[in-house]
Amino acid sequence: MDFLKRTFPILLGIFLLSVLVRLPQLNRPLSKHHEFCTAVSLRIMQIWYDNGIEKYNYNPVMTYNHPADKFINNHANQTGKMVDSEGNYYYVSHPPFAYYFPFFIFKALHIRPDVLPLQIFNLLLHFISGLFVYFTVCLLSFNRARSLPYRSALVAYAIYLFLPVTLWFQGNVYMSDMAVHALFIIGVYTALKMIIRQKFYVPKYIFLYVLILALMIYTSWLGVFFAFGVFVYSLLHLNRNSGFKVLLWSTVIVTLVMLRLMAYQYSQINGPMAYIEEMFSRYLMRGSLAATNKGLFHFMFDYLWLFKTLLYNYIINYIVVYVALALFVWLAISRKKLKIVFSDNGYRFIWLSVMPVVLLHVFFLNYSEHDFTALYASLFFSVLMGILYDKVKKSGTMPLRKMQIGLLVLLLVFVAQYQVMNLPDVLSYSFEKDMGEKIKSAATPDEVIFFTDPDVSPQTVFYAGRNVRYAKDATDAIAFLKATNRTKGVLLNSGNRKGTAWVEVVERISL
């Protein structure tokens, strides 16, 4: 097959170059730029691996197994009510598939979940995502992906791999948001292929679409917005093609089944009311209705500030792409030979790749201040750049050599931008790892760990391998011990001296 002999080695070579760029950042201590997400994911998977996932009914647990770690809510849930009878807290803001996927692979290979194995898994997702970007451009261009390398698809693929947002968030940072992104790209391709080739009644296509949609919804809320986008598109086109009924009803059924499954699963932790209250609380915090209880003026100001942050994230992550797109527009205006017109399939792609992302930002504007949500737009921008490259090449308005040099410069600027955006902070990369290890060594397994600092990071907790509870003083610590029927604890204080972590024992407590 030409794809395996001629195309795949090229794609693999470009991907390996993107890995080479990231080597200095891989397998170092978790520290910055949302690496707390990786710490949270690893915490869940390591507890499963060490104690058995069945012990926690396959739910994402955030409490370590020492008796002294129970009833301590470190970054697990908002209300504090997603806790079982044994004092284990659970992280239920997202469905659990993002943790299942790498965990069961590691389990099968007898690899304990850790930083480097999870980063390698994330890199593989990056490669798979890039492959489907390549396939999407081929599909839109009516070019057989299984044939010889298609230059415009290669351009989109290379741009996708070297975008600063994908280099980082599909390398160092892993959580539900990164896992669903790969499924989102595959889902857009699958749905687009069904629509373009009118394969509504072909069992193979139906099965693949249903499977990807189910996994997407079981991974993150982007899957629900994608399902809504497909539902609306199918509804608008029922009169033209009755085959859309298959797409519409399969979308509705899968969405309802997966949401019901997730609600049932998480309700087993502490009852359905506790789960509903937690989700309502999380939406008030991360949705678009935050600060509504502080008056209309405050809400509007807060809304505009969040929108400003969202725009800033898109500018920072895609500024170089915008410059390239502006150049394409200038060429289209100044050269009569070049006409940029989208086909029906182009508009279908825009709908499927853009609408779910827009809906997510609209309904989760507060959550969208995290710049990893800008990752979702990488599919649209990379495919768009590949298509526009093809149109310019075919129009002859710019020499091919200049276009190739321009592409190389673009990729080099991406790499430079990635490096600048992820420079080390004032503290060393190992600061939180050192802090966690010192916390762990300062307490015995039967001592509840109390910390005078209320802002212990997820990375510190991960490296400590212990749950840590805030206590302003020994009196506060004693009250907690009595309330949870425990007798031993240690009150710790911490800080940094010239970037070096230190931990001191304030008081050992014994009731």
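Note that the structure is predicted; figures quoted are calculated from it, not measured.
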Pairing of [X] and [Y] as salt bridge, 4.0 angstrom limit:
X: Glu35; Y: Arg28; result: yes
X: Lys81; Y: Glu278; result: no
X: Arg112; Y: Asp50; result: yes

Checking Val413 against Val409 for the side chain to side chain contact (heavy atoms under 4.5 Å, CB included) test, could you report, in this order, the C-alpha distance in whole Å, the side-chain angles of both residues, the deciding distance, and whether it holds?
CA-CA 6 Å; Val413 173; Val409 170; 4.2 Å; yes
How about [X]: does its [atom1] atom have over 12 heavy atoms from other parts shown lying under 6.0 Å from it?
X: Lys308; atom1: NZ; answer: yes
X: Phe307; atom1: CZ; answer: no
X: Tyr322; atom1: OH; answer: yes

Ignoring hydrogens, what is the shortest heavy-atom contact between [X] and [Y]? Give both atom names and the distance.
X: Arg508; Y: Ala443; answer: NH2-CA, 4.0 Å
X: Ala464; Y: Lys440; answer: O-CD, 3.1 Å
X: Leu481; Y: Gly489; answer: CD1-N, 4.1 Å
X: Val165; Y: Ser378; answer: CG1-CB, 4.4 Å
X: Phe15; Y: Leu161; answer: CA-CD1, 3.6 Å
X: Phe225; Y: Pro356; answer: CB-O, 3.7 Å

The residue among Phe104, Tyr58, Tyr100, Tyr90 that forms ring-ring contact (aromatic ring centres under 6.0 Å, His included) with Trp48 is Tyr100
Here's one to test your reading of the geometry: is the NZ or CZ of Lys32 within 45 degrees of the ring axis of Tyr429 and under 6.0 Å from its centre?
no
So [Y] and [X], do their side chains get closer than 4.5 Å, heavy atoms only?
X: Met62; Y: Asn74; result: no
X: Ile72; Y: Arg466; result: no
X: Val230; Y: Leu352; result: yes
X: Met178; Y: Asn122; result: yes
X: Phe162; Y: Ile14; result: yes
X: Thr219; Y: Pro95; result: no
X: Phe451; Y: Tyr470; result: no
X: Gln46; Y: Asp114; result: yes

Quick check: does any side chain N or O of [X] sit under 3.5 Å from a backbone N or O of [Y], one acting as donor and the other as acceptor?
X: Asp69; Y: Asn467; value: yes
X: Gln417; Y: Ile316; value: yes
X: Asp453; Y: Val456; value: no

Rounded distance [0.5 Å steps], [atom1] in [X] versus [atom2] in [Y]:
X: Ile269; Y: Asn88; atom1: CD1; atom2: CG; value: 10.0 Å
X: Asn366; Y: Leu306; atom1: CG; atom2: CG; value: 5.0 Å
X: Asp476; Y: Leu491; atom1: CG; atom2: CG; value: 9.0 Å
X: Asp84; Y: Tyr89; atom1: CG; atom2: OH; value: 10.0 Å
X: Lys488; Y: Ser510; atom1: NZ; atom2: OG; value: 6.5 Å

Can a donor-acceptor pair be found between the side chains of [X] and [Y] at a distance below 3.5 Å?
X: Asn313; Y: Tyr318; value: no
X: Ser382; Y: Tyr157; value: no
X: Ser494; Y: Glu504; value: no
X: Tyr275; Y: Gln265; value: no
X: Tyr56; Y: Asn51; value: yes
X: Asp371; Y: His34; value: yes
X: Glu432; Y: Ser457; value: yes
X: Gln268; Y: Asn59; value: no

Distance flag, aromatic centroids of Phe364 and Tyr283, threshold under 6.0 Å
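Ring centres of Phe364 and Tyr283 closer than 6.0 Å.
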Phe101/Phe97 aromatic ring centres below 6.0 Å:
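That pair passes the under 6.0 Å test.
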Angle between ring planes, Phe226 versus Phe184, binned at 30° and 60°: parallel, tilted or perpendicular?
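Phe226 and Phe184: perpendicular rings.
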Does the plane of the ring in Tyr314 sit parallel, tilted or perpendicular to the ring in His361? Use 30° and 60° as the thresholds.
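The rings of Tyr314 and His361 stand perpendicular, inter-plane angle above 60°.
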Given the rule in the side chain to side chain contact (heavy atoms under 4.5 Å, CB included) test, do Leu492 and Val506 qualify, once you have shown the distances and angles that lead to the verdict?
CA-CA 5 Å; Leu492 304 177; Val506 177; 5.9 Å; no
Before you tell me yes or no, could you show the steps for Arg22 and His126 under side-chain hydrogen bond (donor to acceptor under 3.5 Å, both in side chains), namely the whole-Å CA-CA distance, both residues' side-chain angles and the distance that decides it to 0.1 Å?
CA-CA 12 Å; Arg22 288 174 282 192; His126 190 202; 3.1 Å; yes
Output, in order, the C-alpha distance, side-chain angles, deciding distance and verdict of side chain to side chain contact (heavy atoms under 4.5 Å, CB included) for His181 and Phe372.
CA-CA 10 Å; His181 178 63; Phe372 54 67; over 6 Å; no
Report the C-alpha distance between Ser31 and Gln459 in whole Å, list the side-chain angles of each, state the deciding distance to 0.1 Å, and finish with yes or no for side-chain hydrogen bond (donor to acceptor under 3.5 Å, both in side chains).
CA-CA 7 Å; Ser31 58; Gln459 298 97 305; over 6 Å; no
So Tyr174 and Phe169, side chain to side chain contact (heavy atoms under 4.5 Å, CB included) or not? Walk me through it.
CA-CA 7 Å; Tyr174 180 83; Phe169 288 115; over 6 Å; no
